[in-house]
K.L.:
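Below is one structure. I have some questions about it.
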Amino acid sequence: MKERKYQICKCCVMDTTDNEISFDKNGICMRCNEYKERILPDWNYGRGHRQEFSSLFNRVKESGKGKKYDCILGLSGGLDSSYMLHLAVKEWGLRPFVFHIDTGWNLPVAQKNIKCLTDKLGVKLHIKKMDRKEMREMQLAWFRTGLELLDAPQDHAFIALTDKLAMKLGVKYILNGYNICTEVIADPASWGKGCGETGDCTYMKDVIRKCCNIPIKKYTFTNGFQHKFWIPYVKGVKTLKPLNLVPFTKEQMIQTLVEEYGYIPYGQKHFEDLITKFLEGYWVPTRFGHDIRRAQLSSLVITGQMTRDEALRILEQPPLTEEESMELLKEVARRLEISEEELMAFHNMPECKTHFRSQTRIYRFGIRLYETLGIEKRIRK
């Protein structure tokens, strides 16, 4: 295959490290054009949704009458879920069931931020600790695949446990922290070549079957049918993304949380979690050759929160220094109970040739359908 000539979008900072990217005659990528044509006219920077917002939250409060909780909110300690908790309790007067999933990879900054928020807001935090032995083995299994998207064990657990809580509590609304403002551009599908979708139980169980050395018995699974159809349309549990209905910027989010709760900013998105910081800051750029910051920064550029030149200057420096990377590598190896040499052997292994079963085609069809219906508000390519 002929090597593609390098090109970068003249509007954002997405480039040909996504080998499926396309550009128009003006050098603007398809994501920027989709944002202007499909996303921005309806979103309008969160403005003009007052009536929709009011109607929605009246329904949430009405559904919670006579119950201890009127919604469910997963709190990671990251910026988006933290800001959503602040708004939900202090500004919107909701009574969320707040839960946190402890997979054993929290950094102290996440734990401190979670405690500061929940203490000051007076909400009870429900913590689900994952089985340490199983999570270690699953994380090793994903390293053994040689693929990217190594956060799958944590990410699937969050989706599955949210589904389980919705069924158990009888609460009809789940608050999701996704927002157009800071994450409208999703990571390109080409960056996850060979990987299944996070919520795909078929993919998860096939990796476990082929790559785990111990039985996985305590882990909670979900699947596309349950998550996308049975729970929302049969059980009537709706997932809401309320941050898309109110105007704010990333800087305003940070400023509010710092002033109200002593929140500690942690730098790059997802860097509140040790394994994710290691993967996105070191592993992915050095093994797979692309920088996840391109999608994150491009989201800020096209929504007017950062100039393209500012984003390019950030990308001139690596996400982590060599010293920080080696410290993280040492700590990840220690927690996985393997040597640093064994961990680096995964880094240096050849491209994965193993095929893992998945429902990717069905998921991608669903995404296209949701885009057509106006339900999907993220640019996925």
K.L.:
Just checking, any donor-acceptor pair under 3.5 angstrom between side chains of Q305 and T303?
P.N.:
yes
K.L.:
Report yes if some heavy atom in the side chain of F143 is under 4.5 Å from a heavy atom in the side chain of C211; otherwise report no.
P.N.:
no
K.L.:
Taking all atoms of both residues into account, what is the closest heavy-atom pair of R293 and Q317, and its distance?
P.N.:
NH2-O, 2.7 Å
K.L.:
With a 6.0 Å cut-off on ring centres, are F99 and F158 close enough?
P.N.:
yes
K.L.:
Side-chain contact, heavy-atom cut-off 4.5 Å: E183 with K250?
P.N.:
no
K.L.:
Once you measure the plane-to-plane angle for W191 and H290, does it fall in the parallel (<30°), tilted (30-60°) or perpendicular (>60°) bin?
P.N.:
parallel
K.L.:
Quick one: SG on C116 to CG on L121, what's the gap to the nearest 0.5 Å?
P.N.:
10.5 Å
K.L.:
Nearest 0.5 angstrom please: L125 CG to L75 CG, how far?
P.N.:
6.5 Å
K.L.:
Do you know which two heavy atoms are closest between F356 and V207, and how far apart they sit?
P.N.:
CD2-CG2, 3.7 Å
K.L.:
Ignoring hydrogens, what is the shortest heavy-atom contact between L79 and Y266? Give both atom names and the distance.
P.N.:
N-OH, 2.8 Å
K.L.:
Quick one: do K133 and E137 make a salt bridge, cutoff under 4.0 Å?
P.N.:
no
K.L.:
Minimum heavy-atom separation for D291 and L315, please, with both atom names.
P.N.:
OD2-CD2, 3.7 Å
K.L.:
Same cluster or not: M84 versus Y261, using hydrophobic residues (I, L, V, M, F, W, Y) connected whenever any side-chain heavy atoms lie under 4.5 Å apart?
P.N.:
yes
K.L.:
Please find the pair of heavy atoms, one from L274 and one from L107, that lie closest to each other, and give the distance.
P.N.:
N-CG, 3.7 Å
K.L.:
So, H100 versus N106: side-chain donor-acceptor pair below 3.5 Å or not?
P.N.:
yes
K.L.:
Does M253 reach the side chain of T182, with side-chain heavy atoms less than 4.5 Å apart?
P.N.:
yes
K.L.:
Can you establish whether the number of heavy atoms outside E337 located under 6.0 Å from its atom CD is more than 12?
P.N.:
yes
K.L.:
What distance separates N44 CG from I39 CD1, expressed to the nearest 0.5 Å?
P.N.:
13.0 Å
K.L.:
Around K330, counting heavy atoms of other residues, nucleotides and ligands shown, do more than 12 lie under 6.0 Å from its NZ?
P.N.:
no
K.L.:
Distance alone, cut at 3.5 Å: any donor-acceptor contact between the side chains of R59 and S55?
P.N.:
yes
K.L.:
Should we say atom NZ of K193 is surrounded by more than 12 heavy atoms from elsewhere, each under 6.0 Å from it?
P.N.:
no
K.L.:
With sequence neighbours left out, write down each residue that passes salt bridge (charged side-chain N to carboxylate O under 4.0 Å, His left out) with E91, or none if nothing qualifies.
P.N.:
none
K.L.:
Would you say T239 and N176 are linked by a side-chain donor-acceptor pair, where the criterion is simply a distance under 3.5 Å?
P.N.:
no
K.L.:
Testing L161, D163, T162 one by one against I159 for a side chain to side chain contact (heavy atoms under 4.5 Å, CB included), which residue passes?
P.N.:
D163
K.L.:
Do M138 and M130 come within less than 4.5 Å of each other through their side chains, counting heavy atoms only?
P.N.:
no
K.L.:
Search all heavy atoms of S81 against all heavy atoms of G74 and return the closest pair with its distance.
P.N.:
CB-O, 3.4 Å
K.L.:
Does atom NZ of K112 have more than 12 heavy-atom neighbours, drawn from other residues, nucleotides or ligands, at distances under 6.0 Å?
P.N.:
no
K.L.:
Would you kindly confirm whether I114 and F271 end up in one hydrophobic cluster when ILVMFWY residues are joined by side chain heavy atoms under 4.5 Å apart?
P.N.:
yes
K.L.:
Could you tell me whether the side chain of H49 reaches within less than 4.5 Å of the side chain of V246, counting heavy atoms only?
P.N.:
no
K.L.:
Listed by chain and number, what are the side chain to side chain donor-acceptor pair (under 3.5 Å) partners of S22, not counting sequence neighbours?
P.N.:
none
K.L.:
If you group Ile, Leu, Val, Met, Phe, Trp and Tyr by side-chain heavy-atom gaps below 4.5 Å, do M306 and I254 land in one group?
P.N.:
no
K.L.:
Could you check whether any side-chain N or O of N244 sits under 3.5 Å from a backbone N or O of I180, counting only pairs where one atom can act as donor and the other as acceptor?
P.N.:
yes
K.L.:
Step through the shown structure and confirm whether more than 12 heavy atoms of other residues, nucleotides or ligands are within 6.0 Å of NZ on K129.
P.N.:
no
K.L.:
Once you round to the nearest 0.5 Å, how far does OG of S63 lie from CZ of F57?
P.N.:
11.0 Å
K.L.:
Check whether more than 12 heavy atoms from other residues, nucleotides or ligands sit under 6.0 Å from atom CH2 of W230, and answer yes or no.
P.N.:
no
K.L.:
For K241, I'd like to know if atom NZ has over 12 heavy atoms of other residues, nucleotides or ligands within 6.0 Å.
P.N.:
yes
K.L.:
Between the side chains of T17 and D15, is a donor N or O closer than 3.5 angstrom to an acceptor N or O?
P.N.:
yes
K.L.:
Could you check whether Y219 and D131, counting side-chain N and O atoms only, form a donor-acceptor pair closer than 3.5 Å?
P.N.:
no
K.L.:
Are V234 and V237 connected in the hydrophobic side-chain network, where two residues link if heavy atoms are under 4.5 Å apart?
P.N.:
yes
K.L.:
From Y282 OH over to L320 CG, what is the distance, rounded to the nearest 0.5 angstrom?
P.N.:
10.5 Å
K.L.:
Establish whether F221 and I101 are linked, either directly or via other cluster members, by ILVMFWY side-chain heavy-atom contacts under 4.5 Å.
P.N.:
yes
K.L.:
Okay, side chain of Q226, backbone of N223: is any donor-acceptor separation there less than 3.5 Å?
P.N.:
no
K.L.:
So E197 and S358, do their side chains get closer than 4.5 Å, heavy atoms only?
P.N.:
no
K.L.:
Would a distance-only check, ignoring hydrogens and angles, find a side-chain to backbone donor-acceptor pair under 3.5 Å from S190 to D18?
P.N.:
no
K.L.:
Could you tell me the separation between the SG atom of C201 and the NE2 atom of H227, rounded to the nearest 0.5 Å?
P.N.:
13.0 Å
K.L.:
Would you say the side chain of L312 lies within less than 4.5 Å of the side chain of E316, judging by non-hydrogen atoms?
P.N.:
no
K.L.:
Between S54 and R50, is there a donor-acceptor pair closer than 3.5 Å when you use the side chain of the first and the backbone of the second?
P.N.:
no
K.L.:
Quick one: which residue pairs count as a ring pair (Phe, Tyr, Trp, His ring centres under 6.0 Å) with a foot in residues 292-314, not counting sequence neighbours?
P.N.:
none
K.L.:
Does a side chain donor of either Q255 or E251 reach within less than 3.5 Å of an acceptor in the other side chain?
P.N.:
no
K.L.:
Determine, using ring centers only, whether F346 and W283 are less than 6.0 Å apart.
P.N.:
no
